[in-house]
Amino acid sequence: MTTKYDNLSIRGRVAYLIMCFERYVTQKYPDRDMTLPAEFMWNVVNDSNYIDVSAYRYMDIIPEFFYETDSYETADMEDMTKEEYDILATLLPHAEDDPDLNTIMNRIYDVAMEYAYTIVKLNEPETKRYLQEVDEILAKNKIEPPDINLIPKYEWDDSHGWGDFIDSKPLSIILK
């Protein structure tokens with residue numbers, strides 16, 4: 001089955017989900033400066049590291065993982081400073097307080113890691129279901145999805161389906 005996601009690389013799909021996150025939080029939390037979480041996310045697709053390295057760093061800010069401990073001192077956050085931890089603790093709701101946000105943030109990680117250490121399959125359904133789930137969350141919350149046509153299209157031959165690095169500047173509504 002053909003979907004609107006077919007011409008997106010894995011990085012393109014992650015970028016789309018980050019754009020969904022940004023629309024969600026700017027609607028639900030308009031008074032919170034979500035720059036730091038957005039920076040963690042965009043590093044997954046625009047960082048020079050392998051996607052899994054950046055995705056592991058990003059995973060630490062997903063609410064269900066972030067709030068597993070009560071403080072920075074008891075958390076195993078080797079890639080995060082205490083200042084970043086404190087900022088995120090004021091911004092991010094607990095997973096049970098906003099399960100939709102937690103799901104959106106999890107799906108960013110899921111798409112980034114779906115084919116880690118393996119071969120990306122051409123037009124595979126595995127990551128498409130994550131994108132559809134996030135689109136449904138936006139629809140349920142009456143939030144307009146981002147324009148998928150803004151994301152650079154990649155041939156699946158580009159980086160074996162992973163796609164090239166993506167610049168967040170023309171896509172992000174949070175990072176200016």
Side-chain angles (χ1 to χ4, degrees), residues 2-27 29 32-63 65-66 79-80 84 88 91-92 100-138 143-176:
T2 303
T3 68
K4 67 181 185 178
Y5 318 113
D6 288 345
N7 292 326
L8 296 179
S9 65
I10 295 298
R11 279 190 175 86
R13 292 172 186 199
V14 171
Y16 177 76
L17 292 176
I18 296 168
M19 293 167 69
C20 291
F21 163 85
E22 289 187 342
R23 276 144 189 81
Y24 184 89
V25 297
T26 56
Q27 292 288 315
Y29 304 102
R32 296 186 192 180
D33 178 2
M34 294 296 222
T35 301
L36 185 58
E39 288 172 348
F40 270 80
M41 291 176 192
W42 283 109
N43 280 339
V44 175
V45 296
N46 68 12
D47 196 359
S48 60
N49 286 320
Y50 288 110
I51 198 169
D52 63 318
V53 173
S54 299
Y56 280 130
R57 182 172 191 257
Y58 158 71
M59 184 180 75
D60 286 340
I61 74 166
I62 299 171
F65 304 117
F66 184 80
D79 292 324
M80 184 184 306
E84 289 172 328
L88 291 167
L91 293 175
L92 299 173
D100 286 340
L101 178 63
N102 190 68
T103 297
I104 292 168
M105 293 179 73
N106 262 304
R107 296 307 167 253
I108 292 167
Y109 178 80
D110 292 339
V111 171
M113 295 300 292
E114 183 71 34
Y115 291 103
Y117 319 113
T118 188
I119 297 171
V120 176
K121 299 175 196 167
L122 180 64
N123 287 322
E124 82 313 318
E126 288 87 357
T127 61
K128 289 178 189 177
R129 72 172 185 254
Y130 299 137
L131 285 100
Q132 290 166 340
E133 180 182 13
V134 170
D135 277 343
E136 290 168 9
I137 289 171
L138 293 183
I143 298 171
E144 188 72 28
D147 182 357
I148 202 162
N149 295 314
L150 296 174
I151 300 168
K153 303 293 184 267
Y154 294 102
E155 297 298 324
W156 276 94
D157 292 341
D158 293 345
S159 300
H160 307 286
W162 292 100
D164 295 325
F165 302 121
I166 296 177
D167 181 8
S168 61
K169 287 179 181 60
L171 304 176
S172 178
I173 60 173
I174 292 178
L175 302 181
K176 305 290 181 205

Between atom CG of Leu101 and atom CE of Met34, what is the distance when rounded to the nearest 0.5 Å?
6.0 Å

If the condition is side chain to side chain donor-acceptor pair (under 3.5 Å), which residues does Tyr58 pass it with, not counting sequence neighbours?
none

Please examine the side chains of Tyr16 and Val111, heavy atoms only from C-beta on, and report whether any two atoms are closer than 4.5 Å.
no

Could you tell me whether the side chain of Thr26 and the main chain of Arg23 form a donor-acceptor pair under 3.5 Å?
yes

Working to the nearest 0.5 angstrom, can you tell me the gap between Lys128 NZ and Leu8 CG?
10.0 Å

Measure the spacing between CG of Asp135 and CD1 of Ile148 and express it to the nearest 0.5 Å.
7.5 Å

Asp164 and Arg11, any side-chain heavy atoms less than 4.5 Å apart:
no

State whether the side chain of Arg13 and the backbone N or O of Tyr5 hold a donor-acceptor pair below 3.5 Å, judged by distance alone.
yes

Got Met59 and Ile62 here, is their nearest side-chain heavy-atom distance under 4.5 Å?
yes

Between Met19 and Leu150, which heavy-atom pair has the shortest distance, and what is it?
CE-CD1, 4.3 Å

Glu84 versus Asp79, closest heavy-atom pair with distance
OE1-O, 4.1 Å

Applying side chain to side chain donor-acceptor pair (under 3.5 Å) to Thr103 and not counting sequence neighbours gives none

Run the side chain to side chain contact (heavy atoms under 4.5 Å, CB included) test on Glu144 and Leu138 for me, step by step, so that the C-alpha distance in whole Å, both residues' side-chain angles and the decisive distance to 0.1 Å come before the verdict.
CA-CA 7 Å; Glu144 188 72 28; Leu138 293 183; over 6 Å; no

So CD1 of Ile173 and CD1 of Ile18: to nearest 0.5 Å the spacing works out to 12.5 Å

Straight-line distance of Phe66 CZ to Leu92 CG, nearest 0.5 Å
6.0 Å

Kindly indicate whether the side chain of Glu133, heavy atoms from C-beta on, has any atom under 4.5 Å from the side chain of Asp110.
no

Decide side chain to side chain contact (heavy atoms under 4.5 Å, CB included) for Leu17 and Ile104; before the verdict, give the C-alpha distance in whole Å, the side-chain angles of both, and the deciding distance to 0.1 Å.
CA-CA 7 Å; Leu17 292 176; Ile104 292 168; 5.7 Å; no

Can you tell if the side chain of Asn106 reaches within under 4.5 Å of the side chain of Phe65, non-hydrogen atoms only?
yes

Judged by atom type as modelled, is there a donor-acceptor pair below 3.5 Å linking the side chain of Arg57 to the main-chain atoms of Val53?
no

Test log, rule side chain to side chain contact (heavy atoms under 4.5 Å, CB included), inputs Met41 and Val44:
CA-CA 6 Å; Met41 291 176 192; Val44 175; 5.5 Å; no

Ile174 versus Pro37: any side-chain heavy-atom pair under 4.5 Å?
no

In chain order, what residues pass the ring pair (Phe, Tyr, Trp, His ring centres under 6.0 Å) check against Tyr109, with sequence neighbours excluded?
none

Taking all heavy atoms of Leu131 and all of Thr127, pick out the closest pair and write down the distance.
CD1-O, 2.8 Å

Taking C-beta and beyond as the side chain, do Ile108 and Tyr130 meet within less than 4.5 Å on heavy atoms?
no

Mind checking the CD1-CE spacing from Ile61 to Met105? Nearest 0.5 Å is all I need.
4.0 Å

Find out whether Ile166 and Val14 are in side-chain contact, i.e. whether some heavy atom of one side chain is under 4.5 Å from a heavy atom of the other.
no

Residues Ile137, Arg107; criterion side chain to side chain contact (heavy atoms under 4.5 Å, CB included); working and verdict:
CA-CA 12 Å; Ile137 289 171; Arg107 296 307 167 253; over 6 Å; no

I need the minimum non-hydrogen distance between Ala112 and Ala55, along with the two atoms involved.
CB-CB, 4.0 Å

Closest heavy-atom pair, Glu39 versus Leu175, reported as atoms and distance to 0.1 Å, is CG-CD2, 3.7 Å

Minimum heavy-atom distance between Ala15 and Leu171, given as atom pair plus value:
CB-CD1, 4.4 Å

